[in-house]
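Here the structure comes first, spelled out in structure tokens, and everything after it is commentary.
Keep in mind that this is a model prediction, so the values were computed, not measured. Start at 1 and go down the list; that is how both ligands and their atoms are numbered. Any value given below was found using the heavy atoms of this structure, including those in side chains, with hydrogens, waters and symmetry copies removed.
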Amino acid sequence: MAVSMLNKVVMDDTTRTGRWFFAIAIEGPIAEKLTELQTRWLTTLRQSDKVRPIIANNLHLTLRFLGPLSDDELSHWQQRSRKICAQSFTLQLANLGYFPRAKTGWIGVKPSTPLTSLAAQLDVSERWQPHISLLRALSADALPELPLPDASWSVNAFYLYHSDGSGTPYQRMQRITLG
Ligand code: 2AM
């Protein structure tokens, strides 16, 4: 099993495969609201059996996708994350959206300068669009008109995640606390 210690992640056979990414975890009341929204969204679909809701434990907002990493690359990103300089900030849920190529339905967040600045410190691409994925394998002609949760929450940390690609809960390997 991979080991997550204070600020040290040790690669093992599990983590030499799979993907790594930095993300903000979505938990507690916000995760509950989004699970309800997933359920409401599913009821609007004709072929809901093919659609895969993201499990509550995996709800997150990706800051920077890293993909598979070598030991040296992991060490590089851990060093980078230790140098992040950012204060806690508030995020607010916004609109629904859809990525046709990824066949993913998501909910966005209201524009946030602290969020953009945090992502910039992780060298996100210009095309980065902050979102929380909710439904995979979704074929959407149009987005449903659903009552959206009016929710805001405080972001005090983000995580270095590892995914083995199987859809089981992502592992949080390192917590990076914001000031
Ligand atoms: P998402 O943020 O849109 O949900 C782990 O695979 C996470 O990294 C997923 O949540 C995924 O999408 C995000 N991600 C971003 N870019 C990716 C890519 N090119 N390939 C796979 N996952 C990617």
(request) Say whether Asp12 and Thr15, considering side chains only, have a donor N or O and an acceptor N or O under 3.5 Å apart. (result) yes
(request) Please confirm whether Thr62 comes within less than 3.5 Å of ligand 1 when only nitrogen or oxygen atoms on both sides are compared. (result) yes
(request) Give the numbers and elements of all ligand 1 atoms closer than 4.0 Å to a heavy atom of His60. (result) 2 (O), 4 (O), 7 (C), 9 (C), 10 (O)
(request) Kindly write out the residues that satisfy salt bridge (charged side-chain N to carboxylate O under 4.0 Å, His left out) with Asp123, not counting sequence neighbours, or none if the list is empty. (result) Arg80
(request) Between Phe22, Phe21, Phe65, flag the one that comes closest to atom 23 (C) of ligand 1 by a heavy atom. (result) Phe65
(request) Kindly say whether Thr17 contributes a backbone atom to a donor-acceptor pair with the side chain of His162 at under 3.5 angstrom? (result) yes
(message) Using a 4.0 Å cutoff against the non-hydrogen atoms of Arg19, which atoms of ligand 1 qualify?
(response) 6 (O), 21 (C)
(message) Are any of the N/O atoms on Ser163, whether in the backbone or the side chain, positioned under 3.5 angstrom from an N/O atom of ligand 1?
(response) no
(request) Could you check atom 12 (O) of ligand 1 against the protein and tell me its nearest heavy-atom contact, residue, atom and distance included? (result) Arg136 NH2, 4.0 Å
(request) Would you mind checking if Asp164 and Arg19 are paired as a salt bridge, meaning a charged N to carboxylate O distance below 4.0 Å? (result) no
(request) May I ask you to identify the nearest protein heavy atom to atom 4 (O) of ligand 1, giving residue, atom name and distance to one decimal place in Å? (result) Ser133 OG, 2.7 Å
(message) Using heavy atoms and a 4.0 Å limit, tell me yes or no: is Arg64 in contact with ligand 1?
(response) no
(request) Please report which non-hydrogen protein atom sits nearest to atom 3 (O) of ligand 1, along with the residue it belongs to and the distance in Å to one decimal place. (result) His131 NE2, 2.6 Å
(message) Testing the 3.5 Å rule here: is there a donor-acceptor pair between the side chains of Thr39 and Glu36?
(response) no
(request) Please list all pairs passing the side chain to side chain donor-acceptor pair (under 3.5 Å) test where one or both residues lie in residues 94-120, with sequence neighbours left out. (result) Lys103-Ser139, Thr104-Arg136
(message) Keeping Ser125 on the side-chain end and Arg127 on the backbone end, is there a donor-acceptor pair under 3.5 Å?
(response) yes
